Amino acid sequence: MKFFIDTANLDQIAQAQALGVLDGVTTNPSLMAREGIKGADRIMAHYKAICDLVDDCVSAEVISTDYHGMMREAEMLAAIDPKIVVKIPMLADGIKAIKSLYEMDVRTNCTLIFGAGQALLAAKAGATYVSPFIGRLDDLAIEGIDLIRQLVDIFDVQGFETQVLAASIRSPLHIVQCAEAGAQVATCPLSAIMGLVNHPLTEKGLAQFLADHAKNNG
Ligand code: E4P
């Protein structure tokens, strides 16, 4: 499973990249706003700065909701860097845009997926990734991970190349569940990735090893 980080914060992206396990980045307009990035020029420059930190796959989301607007923005975003993946919201016009971008060899990530039918349409249109938001489903007492399993099965049975990019991940447990369910990618906050490191028995065991070494070596 590929690990993406879900943030527009350059320090966090650099920290995750330094771990050596990062495969990409996802952003959205709310994450860009959280970093105070506003105005077309600053937004474009920020995407470029993110691309310079990582090896590949930086999802940059369009703001338009109509086909022509999405296509205009997609072309501008894709021109920033070959690492850009254009993030398109799940809308009828979004599906049309995904199809056109597929024909132009531009990678896309269809976002705000909450049902299998939506993902099926996006895959049929040629989306590179679909992003089911599991945390937001969990918030409504609907098992988000069940949607990941369902999409992995459908894409497998149907032979789609579209990858399941599990999004809206809230915890290390979510990451492990996504790996078990067969998601090709999980996009996670840095806190959830770092949470995978810790186990109390690891800390206890290491403390014991170091104490024994110190005793034995004076
Ligand atoms: C995915 O690409 C989205 O940016 C993100 O995962 C949304 O997560 P949230 O539900 O925590 O806002």
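All residue numbers in this chain count up from 1 along the given sequence. Numbering of ligands and ligand atoms starts at 1, following listing order. Being a predicted model, the structure only gives us computed values, none of them experimental.
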Shortest non-hydrogen contact from V54 toward K83: O-NZ, 2.7 Å
Any side-chain donor near an acceptor of the partner, D212 and Q208, under 3.5 Å: yes
Heavy atom of the protein closest to atom 7 (C) of ligand 1 (residue, atom name, distance): F133 CE2, 3.6 Å
Test of proximity, T111 against ligand 1: N or O pairs below 3.5 Å: no
N or O contact, K87 vs ligand 1, cut-off under 3.5 Å: yes
E61 touching ligand 1 at heavy-atom level, < 4.0 angstrom: no
Cationic N near anionic O, under 4.0 Å, R107 to D56: yes
Donor-acceptor pair between S100 and Y67 side chains, under 3.5 angstrom: yes
N/O separation below 3.5 Å, S168 to ligand 1: yes
Numbered atoms and elements of ligand 1 in range of D6, under 4.0 angstrom, heavy atoms: 1 (C), 2 (O), 3 (C), 4 (O), 5 (C), 6 (O), 7 (C), 8 (O)
Residue A167 vicinity, atoms of ligand 1 by number, heavy atom under 4.0 Å: 1 (C), 6 (O)
Check against side-chain hydrogen bond (donor to acceptor under 3.5 Å, both in side chains), E35 and N9: CA-CA 6 Å; E35 300 307 314; N9 182 286; 3.1 Å; yes
Side-chain ion pair, R149 and D153, N-O less than 4.0 Å: no
Nearest non-hydrogen protein atom, atom 12 (O) of ligand 1: R136 NH2, 2.7 Å
Geometric N/O contact N28 with ligand 1, under 3.5 angstrom: yes
Worked verdict on R136 versus D139 for salt bridge (Lys or Arg N to Asp or Glu O under 4.0 Å): CA-CA 5 Å; R136 294 192 193 188; D139 292 344; over 6 Å; no
